[in-house]
Amino acid sequence: MSDYYDRVYDVVAQIPEGRVTTYGAIARFLGITSGARMVGYALNSATEKPIPAHRVVNRNGELTGRSHFPGDTMRERLQQEDIGFVDDYQIDIETHFWDPNDRKS
DNA sequence: GACCTGACGGTAC
DNA sequence: GGTACCGCCAGGT
């Protein structure tokens, strides 16, 4: 069943502080290149999970999922981790991008 | 049981 | 270069 949900949680939970990743990167890491949507959907159920879902943004670095966070929790939390913002709700994804495949366990 | 929607991404026009 | 449409899989109604 939603095994891949757990994998999403596992990957997201391993995102280093001050780093972010994208839905596509996680999806591709799980083997579903076009399943980025599913990753986001998984995180939808992960809002109550002990994972830094705020470190996951879309391919454009936009905080698309901030709507699921109370207030500006997502934005403020990222700023606390020294994440560079190019816009009020868009981070410097190219600078802080973290690929799941690059994790060192 | 069937249909619709949903934290996105890539390709086509 | 920008906009539009289609594709992926699962869950909720």
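Keep in mind that what you see is a predicted model, and the values were worked out from it rather than measured. No hydrogens, no waters, no symmetry mates; every other heavy atom, side chains included, goes into these values. By convention in this document, chain letters (A, B, ...) are assigned in the order of the sequence lines, proteins followed by strands, and residues within each chain are numbered from 1.
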| Side-chain ion pair, E81(A) and R19(A), N-O less than 4.0 Å | no
| note | Sequence neighbours excluded, the answer for side chain to side chain contact (heavy atoms under 4.5 Å, CB included) partners of D92(A) is V86(A), E94(A), T95(A), H96(A)
| Those residues of residues 22-31 of chain A lying under 4.0 Å from DNA chain B by at least one heavy atom | Y23(A), G24(A)
| remark: Residues in residues 67-96 of chain A with a heavy atom under 4.0 Å of DNA chain B, by number, are H68(A), F69(A)
| task | Sorted by first residue and then second, give each side chain to side chain donor-acceptor pair (under 3.5 Å) pair with at least one member in residues 36-50 of chain A; sequence neighbours left out. | result | none
| query | Do you know which two heavy atoms are closest between V57(A) and M74(A), and how far apart they sit? | reply | CG1-CE, 4.5 Å
| task | Please list, chain by chain and in numerical order, all residues satisfying side chain to side chain contact (heavy atoms under 4.5 Å, CB included) with D99(A), sequence neighbours excluded. | result | R28(A), F97(A), N101(A), D102(A)
| query | Which atoms form the tightest heavy-atom contact between V39(A) and Y23(A), and what is the distance? | reply | CG2-O, 3.7 Å
Please tabulate, for the side chains in residues 61-72 of chain A, all donor-acceptor contacts under 3.5 angstrom to protein atoms that are two or more places apart in sequence or on a different chain.
| from | atom 1 | to | atom 2 | distance (Å) |
| --- | --- | --- | --- | --- |
| E62(A) | OE2 | N60(A) | ND2 | 2.6 |
| D72(A) | OD1 | Y89(A) | OH | 2.9 |
| D72(A) | OD2 | Y89(A) | OH | 3.2 |

| task | Grab the OH-C1' distance between Y41(A) and dC4(B) for me, whole Å please. | result | 10 Å
| said: Do V20(A) and L43(A) sit in one hydrophobic cluster, given that two such residues count as connected whenever their side-chain heavy atoms are within less than 4.5 Å of each other, even indirectly? | reply: no
Output a table of nitrogen or oxygen pairs between the protein and nucleotides 6-8 of chain C separated by less than 3.5 Å.
| from | atom 1 | to | atom 2 | distance (Å) |
| --- | --- | --- | --- | --- |
| dG7(C) | O6 | R37(A) | NH1 | 2.9 |
| dC8(C) | O4' | S34(A) | O | 3.2 |
| dC8(C) | O2 | S34(A) | O | 3.4 |

| query | Side chain of Y9(A), backbone of P50(A): donor and acceptor closer than 3.5 Å? | reply | no
| request: Locate the shortest heavy-atom distance separating P52(A) from A13(A); write the atom from each residue and the value. | output: CD-CA, 3.9 Å
| request: Starting at atom CG of N44(A), determine the distance to atom P of dG6(B), rounded to an integer number of angstrom. | output: 10 Å
| message | Can you pull out the residues from residues 50-63 of chain A that lie within a 4.0 Å heavy-atom distance of DNA chain B? | response | A53(A), N58(A), R59(A)
| Any residue meeting side chain to side chain donor-acceptor pair (under 3.5 Å) with Q80(A), in chain and number order, not counting sequence neighbours | none
| request: State, to 0.1 Å, how close I91(A) and L78(A) come at their nearest heavy-atom pair, and which atoms those are. | output: CG2-CD1, 4.0 Å
| remark: Residues at least two apart in sequence or cross-chain that pass salt bridge (charged side-chain N to carboxylate O under 4.0 Å, His left out) with D10(A), listed by chain then number, are R103(A)
| request: May I ask whether I51(A) and W98(A) are part of the same hydrophobic cluster, defined by side-chain heavy atoms of I, L, V, M, F, W, Y residues being less than 4.5 angstrom apart, directly or through others? | output: yes
| request: Under the side chain to side chain donor-acceptor pair (under 3.5 Å) rule, collect the residues that match up with R75(A), sequence neighbours excluded. | output: Q79(A)
Check the interface with nucleotides 11-13 of chain B: list each N/O to N/O pair with the protein under 3.5 Å, or write none.
none

